[in-house]
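What follows is a short report on a single structure.
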There are 4 protein chains.
Amino acid sequence: MSQSRAADAEGAAKDAGATGKTGAPAKPRRRQARGEARIAQLLKAAADVFGATGYTAASTNAIAREAGVSPGTLYQFFPNKEAIAVELGDHLLTRWRETYGAAFLADHLELPLDRMLDATLDPLIEFNCANPAFTVLMHGSEIPGMVTKDHDAVHVTMLGRVETILAGYLPDKPPAEVTRIATMIFHIFKSGLDVIMAHEGEEREAYIREMKTVLHRYLEPMIPDDTAAGSRSRHTP
Amino acid sequence: MSQSRAADAEGAAKDAGATGKTGAPAKPRRRQARGEARIAQLLKAAADVFGATGYTAASTNAIAREAGVSPGTLYQFFPNKEAIAVELGDHLLTRWRETYGAAFLADHLELPLDRMLDATLDPLIEFNCANPAFTVLMHGSEIPGMVTKDHDAVHVTMLGRVETILAGYLPDKPPAEVTRIATMIFHIFKSGLDVIMAHEGEEREAYIREMKTVLHRYLEPMIPDDTAAGSRSRHTP
Amino acid sequence: MSQSRAADAEGAAKDAGATGKTGAPAKPRRRQARGEARIAQLLKAAADVFGATGYTAASTNAIAREAGVSPGTLYQFFPNKEAIAVELGDHLLTRWRETYGAAFLADHLELPLDRMLDATLDPLIEFNCANPAFTVLMHGSEIPGMVTKDHDAVHVTMLGRVETILAGYLPDKPPAEVTRIATMIFHIFKSGLDVIMAHEGEEREAYIREMKTVLHRYLEPMIPDDTAAGSRSRHTP
Amino acid sequence: MSQSRAADAEGAAKDAGATGKTGAPAKPRRRQARGEARIAQLLKAAADVFGATGYTAASTNAIAREAGVSPGTLYQFFPNKEAIAVELGDHLLTRWRETYGAAFLADHLELPLDRMLDATLDPLIEFNCANPAFTVLMHGSEIPGMVTKDHDAVHVTMLGRVETILAGYLPDKPPAEVTRIATMIFHIFKSGLDVIMAHEGEEREAYIREMKTVLHRYLEPMIPDDTAAGSRSRHTP
DNA sequence: GATGAATGAGGATTCATTCAT
DNA sequence: TATGAATGAATCCTCATTCAT
C-alpha cells in the first residue's frame with residue numbers, strides 16, 4: 001500500500017485509456033495474445049512463490065525468476081507487487097468458479113446442512129490444497145486489527161459467497177446477524193484450513209471432519225426446522 | 001529465553017549471590033536497574049511495533065527508535081530479533097498468568113461449560129485487546145503449512161492450556177482426539193480474536209458472543225452428562 | 001566460481017545459442033555488454049580495494065563506491081563478498097596465464113635451476129607488483145593454524161603449479177616430500193613477495209635477488225646432477 | 001590506525017602525567033597491585049582471543065568477556081585495541097626473554113651454524129606453539145606493502161634479534177646486507193612457522209626440519225670458513 | 001514488449017569506544 | 001576502580017521499483 005506510488009496511477013491511467021472507447025469498466029485490460037501468455041506465466045509463478053513463502057516474504061524478483069522473465073517484464077504487466085496478488089486472486093477465483101462453481105450456489109440451497117457442508121467444503125479444501133496461494137490470499141495481511149487489505153478480492157468474494165449461501169439457510173435472521181455469522185464461519189474455515197493443510201493423510205481427514213463438525217453444530221440450531229429436515233442426522237447423534 | 005540475556009542472567013545471579021548473604025536490599029544491583037528498565041522499555045516498544053505491524057514487518061531499528069534508544073542498545077539486551085519476540089512472549093505470558101491466571105485452571109474445571117467459557121475467554125479477550133502483540137505472537141509465522149515456529153512459546157503454551165482444560169471436560173476421549181479438538185478450538189479462538197479485535201463496541205461484543213456460541217455448540221455434545229449438567233442452558237435454547 | 005553469476009552464465013548460453021545458428025555477430029548480446037563491463041569495473045574496483053586494505057577490511061560498499069555504482073548493482077553480479085574474491089582470483093589467474101603462462105610449464109623444465117627461477121619468478125613478481133590483490137588472494141585468511149580458506153583458488157592453483165614444476169626437478173623424491181618442499185617454497189615466495197613489495201627501486205631488486213638465492217640454495221642440493229648441470233654456476237660460487 | 005582517534009592522545013597524555021615526575025620515558029605506567037592483576041588477566045584474555053581469531057577479528061568486547069570483566073574496565077587500562085596488542089607484544093617478548101632468552105645471544109655466537117639454528121629456532125617454535133598470539137603479533141597487519149604497523153614491537157624486536165645474531169656470523173658483510181639477510185630470514189621463519197603450526201605430529205617435525213634446511217643452506221655459504229667449521233656437516237651432505 | 005542493469009533506502013547486526021553511576 | 005549501559009557509524013546484504021537499450 002505505502003510502497004506503491006505513482007505507478008499505480010499510471011497503470012490506472014493506461015487501463016482507462018485502453019478501455020476508454022467502450023466505456024466499459026476498468027478491470028480486464030486489453031492485452032495481446034503474447035501478453036496474456038506472459039500474464040498467465042507470471043501468475044503461475046506468483047502462485048508458486050506466494051504459496052511457498054506467503055505474500056510478504058515473496059519478492060517480485062523471485063516471481064520474475066520463477067516465471068523465467070526479467071523483473072522489468074513483470075512490471076510491464078503489473079504496476080506493483082500488490083497488483084500481482086490482486087490479479088492472482090481474480091484468476092484463482094475465476095478458476096475456482098469455473099471448476100466447481102457453476103452449480104455452486106443454486107444446488108446447495110436445497111441440500112440438508114450436512115450435505116451442503118460436504119458439497120461446499122470438500123471442493124474448496126481440495127482447491128486450496130492444490131492452490132496454496134489461494135489460502136494465502138484468503139488470509140488478509142494477518143495483522144490483527146487490520147483484517148482486510150487491498151488485495152482481498154478473494155477475501156471479500158469468498159465471504160460474500162458464504163453470506164449468500166447462509167442467507168438461504170437462515171431466512172429469518174436479520175442481515176446484520178447473517179453477516180456476522182458468515183464472518184465467523186469464514187474465519188473458522190480459514191483457520192481450519194491452515195490446520196488441515198498442515199497435516200496429511202488420515203490426520204488431515206480427521207481435521208476436515210472436525211471442522212465440518214464445528215460448522216455443523218454451530219449452524220444447525222439456527223436453521224428453521226422445515227429447511228432441511230434430515231440435516232441433524234449425521235453430526236449430532 | 002535460553003538464548004537471550006545469558007550475560008544478564010549471570011550478572012543477576014552474581015548480584016543475588018552477593019546480596020543474599022548479607023540480606024542487604026537492592027543497592028548493589030542498581031546497575032541492573034537501568035538495564036531492567038531498558039528491557040521493559042524495549043519490550044514495551046517491541047509490543048507496540050509487533051502489535052502494529054506484525055512480527056515480520058517489525059524492524060529492530062523501529063523497535064529501538066520506538067524505545068528511544070540506539071540500535072546498539074537493543075542488541076545489548078537481545079541477541080537478535082527473534083529473541084525479542086521470545087522474551088516478549090514470556091513476558092506477556094507471565095503478565096497474563098499474574099493478572100488472570102492464578103486460579104485459572106483449578107476453578108474452571110468445576111464450572112459448567114458456558115460459565116467456563118466465560119471465565120476463560122473473557123479475560124483472555126480482554127488481555128489480547130490490551131496487548132495486540134500477544135495476538136501476533138499467538139499466531140505462528142503465518143505461512144500456511146508451517147504453523148509453528150520457534151518463538152511460539154506463546155502458541156505452544158496457550159495450546160497446552162486449552163488441551164489441559166479440555167481434558168478435564170472430556171475424560172473419556174482418547175488423548176489424540178483431545179489434542180485434535182484442542183487444536184481446533186485454539187485456532188477458532190485465534191481467528192475469532194482477529195475478528196473481535198477488528199471491531200469495536202457493540203459489534204465486538206456480538207462477535208464475542210458469537211465465538212462463545214461456536215465453541216459451546218462444538219463442545220457441548222461431547223461432554224458427558226454428569227460433568228456439567230446445567231451447561232446446556234444458555235447457548236442452546 | 002560455481003556460486004557466482006549462475007544467471008549470467010545462463011543468459012550468456014542463451015545468447016550464444018541464439019546467435020550461433022545465424023552466425024550473426026555480437027548484436028543480441030549487447031545487453032550483456034554493459035553487465036560484462038560492470039563486472040570488469042567491479043573486479044577492478046575490488047582488486048584496488050582488496051589490494052589496498054586486504055580482504056577482511058575491504059567492504060562491499062567501498063568496492064561499489066570505488067566502482068562508482070550502488071551496492072545493489074554489485075550484488076546483481078556477485079552473491080556475496082567472498083564470491084567477489086573468488087571471481088577476482090579466477091580473473092587474475094586467467095590474466096596471469098594469458099600474460100605469462102602460455103609456455104610457462106613446458107619450457108621451464110629444461111632450464112637449469114637458476115634460469116628456471118628467473119623465468120618463473122620474474123614475471124610472477126612483476127605480476128604481483130602490478131596486481132597487489134593477487135598477493136592478497138594468495139595469502140589465505142592469514143589466521144595461523146587456518147592456512148587455507150574457501151576463496152583460495154589462487155592459493156591452491158599456485159601451490160599446485162609450484163608442485164608440478166618441482167616434481168620435474170625432483171624425479172626421485174617421494175610425492176609427500178615434494179609436496180612438503182613445494183609448500184615451503186610457496187610460503188617462502190609469498191613472504192618474500194611481501195618484503196619485495198614493501199620496497200622499491202634498487203632495494204626491491206636486492207630483495208628479489210635474495211629470495212632467488214634462498215630458493216636456489218634450498219633446491220640445488222636436491223636436484224640430481226644430470227638434470228641441470230649448469231645450474232650451480234650462479235648462486236653457489 | 002585509522003580507528004583510534006583522540007583516545008590515543010589522551011592515553012599518551014595520561015602516561016606523561018603519571019611519569020612526569022621522574023622524567024623517565026613513558027612505557028611502564030605506574031599501576032596499583034590490583035591494576036597489575038587486571039592487566040595480566042586482560043593480556044591473558046587478549047592472547048587467547050588474538051591467538052584464536054587474529055588481530056582484526058578479535059573484538060575488545062570479546063577480550064573483556066574472556067577476561068571476565070566489563071568493556072569499561074578494559075578501557076581503563078588500555079586506550080584502545082591496538083594498545084592491547086602493543087602491551088601484549090611487550091609482555092610476550094618479556095616472557096620470551098625470561099624463559100629462553102637469558103643466555104640467548106651470548107652463547108649462540110660460538111655454535112656452529114646448525115647447532116645455532118637448533119638452539120635458536122627450537123625454543124622459538126615451542127614458544128609460538130604455546131603462544132599463538134605471539135605468531136599473530138609477529139606478523140604485521142598482513143596488508144602487502146604495509147609490512148610494519150604500530151604494534152610491531154614484536155616484529156621489530158625479533159627482527160633486531162635476528163640481525164644481531166646474524167651480524168656475529170657475517171662479520172665481513174656490510175650492515176645493509178646483513179639487514180637484508182636478516183629480513184629474509186625473519187620472513188622465512190614467520191611463514192615457516194605458519195606452516196609448522198598448521199600441522200601436527202610428525203608432519204610438523206618434518207616441516208621444522210625443512211625450515212631449518214632452508215635457513216641453513218641459505219646462510220651457510222655466506223659464513224667465513226673459520227667461524228663455524230663444523231657447520232657444514234649436517235644439512236649439506 | 002523484453003531485458004537486465006541500476007538504484008538506494010532499509011534490514012539485521014557488530015564493534016570500538018564513552019559515560020554515568 | 002569497576003560496571004554495564006549507551007552510542008552510532010559501519011557491515012553485508014535485500015528488494016521493490018525504474019530506466020536505457
Side-chain angles (χ1 to χ4, degrees), chain A residues 3-7 31-32 34-35 38 57-64 69-82, chain B residues 7-8 11 15 28-39 56-64 69-82, chain C residues 7-8 11 15 28-39 57-62 64 69-82, chain D residues 3-7 10 32 34-35 38 57-64 69-82:
Chain A
Q3 45 209 12
S4 59
R5 311 147 310 122
R31 295 186 267 244
Q32 287 76 15
R34 201 163 35 159
R38 270 288 125 86
S59 86
T60 56
N61 285 354
I63 294 170
V69 302
S70 64
T73 298
L74 187 157
Y75 277 89
Q76 215 123 32
F77 295 95
F78 302 98
N80 54 45
K81 188 179 168 183
E82 184 169 354
Chain B
D8 263 329
D15 282 355
R29 80 171 76 90
R30 194 66 58 66
R31 309 289 149 70
Q32 212 101 337
R34 235 187 346 174
E36 215 69 69
R38 271 288 122 86
I39 286 173
T56 310
S59 88
T60 55
N61 284 359
I63 294 171
V69 302
S70 68
T73 297
L74 186 158
Y75 280 90
Q76 203 124 41
F77 297 99
F78 303 97
N80 54 46
K81 186 178 166 183
E82 184 168 355
Chain C
D8 262 330
D15 282 354
R29 79 171 76 90
R30 195 65 59 69
R31 310 288 149 68
Q32 212 102 337
R34 237 184 347 173
E36 215 69 68
R38 270 289 121 86
I39 287 172
S59 89
T60 56
N61 282 1
V69 301
S70 68
T73 297
L74 186 157
Y75 280 91
Q76 203 123 39
F77 297 99
F78 303 98
N80 53 48
K81 186 179 166 182
E82 184 168 355
Chain D
Q3 45 207 11
S4 59
R5 313 147 308 124
E10 273 182 51
Q32 287 75 13
R34 200 165 35 159
R38 269 288 124 86
S59 86
T60 56
N61 285 354
I63 294 170
V69 302
S70 65
T73 299
L74 186 157
Y75 277 87
Q76 215 122 31
F77 294 96
F78 302 98
N80 54 44
K81 188 179 168 183
E82 185 168 353

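Numbers restart at 1 for each chain; the letters A, B, ... are given by sequence-line order, proteins then strands. Given the structure is predicted, the values throughout are model-derived calculations rather than measurements.
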| Would you say a side-chain N or O of A:Thr73 is under 4.0 Å from OP1 or OP2 of E:dT3? |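 Answer yes for this pair, as a side-chain N or O of A:Thr73 is under 4.0 Å from OP1 or OP2.
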
**Request:** May I ask you to evaluate whether B:Ser70 reaches the phosphate of F:dT7, defined as a side-chain N or O under 4.0 Å from OP1 or OP2?
**Result:**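 For B:Ser70, the contact criterion (side-chain N or O under 4.0 Å from OP1 or OP2 of F:dT7) is met.
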
*asked:* Heavy atoms only, 4.0 Å cut-off, all strands: where does D:Ala58 land among base, sugar-phosphate and nothing?
replied: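 Since only primed, P, OP1 and OP2 atoms lie under 4.0 Å of D:Ala58, the category is sugar-phosphate.
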
Describe the nucleic acid contact of C:Ser59 in one word from base, sugar-phosphate, nothing, applying a heavy-atom distance below 4.0 Å.
->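 C:Ser59: backbone/sugar contact only, no base atoms under 4.0 Å.
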
- Query: For C:Ser59, what residues pass the side-chain hydrogen bond (donor to acceptor under 3.5 Å, both in side chains) criterion, not counting sequence neighbours?
  - Reply: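 Here no residue qualifies.
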
Once you round it to whole Å, what is the distance between [atom2] of [N] and [atom1] of [X]?
{"X": "D:Arg38", "N": "F:dT1", "atom1": "CZ", "atom2": "P", "result": "11 Å"}
{"X": "A:Lys81", "N": "F:dC15", "atom1": "NZ", "atom2": "P", "result": "9 Å"}
{"X": "A:Asn61", "N": "E:dG4", "atom1": "CG", "atom2": "C1'", "result": "11 Å"}
{"X": "D:Tyr75", "N": "F:dT3", "atom1": "OH", "atom2": "C1'", "result": "15 Å"}

Under the rule of Watson-Crick or G-U wobble with both distances under 3.5 Å, where | means paired to another strand and [ ] a crossing pair, DNA chain E maps to .||||||||||||||||||||

Taking side-chain contact (heavy atoms from CB on, under 4.5 Å) as the definition, give me every residue that meets it alongside A:Ser70, ordered by chain and number, with sequence neighbours left out.
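Once residues adjacent in sequence are excluded, the partners of A:Ser70 under the side-chain contact (heavy atoms from CB on, under 4.5 Å) criterion are A:Thr73.
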
Practice prompt. Tell me which nucleotide among E:dA16, F:dT17, E:dT18 gets nearest to the side chain of D:Thr60.
Written response: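 Taking heavy atoms from C-beta onward, the closest nucleotide is E:dA16.
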
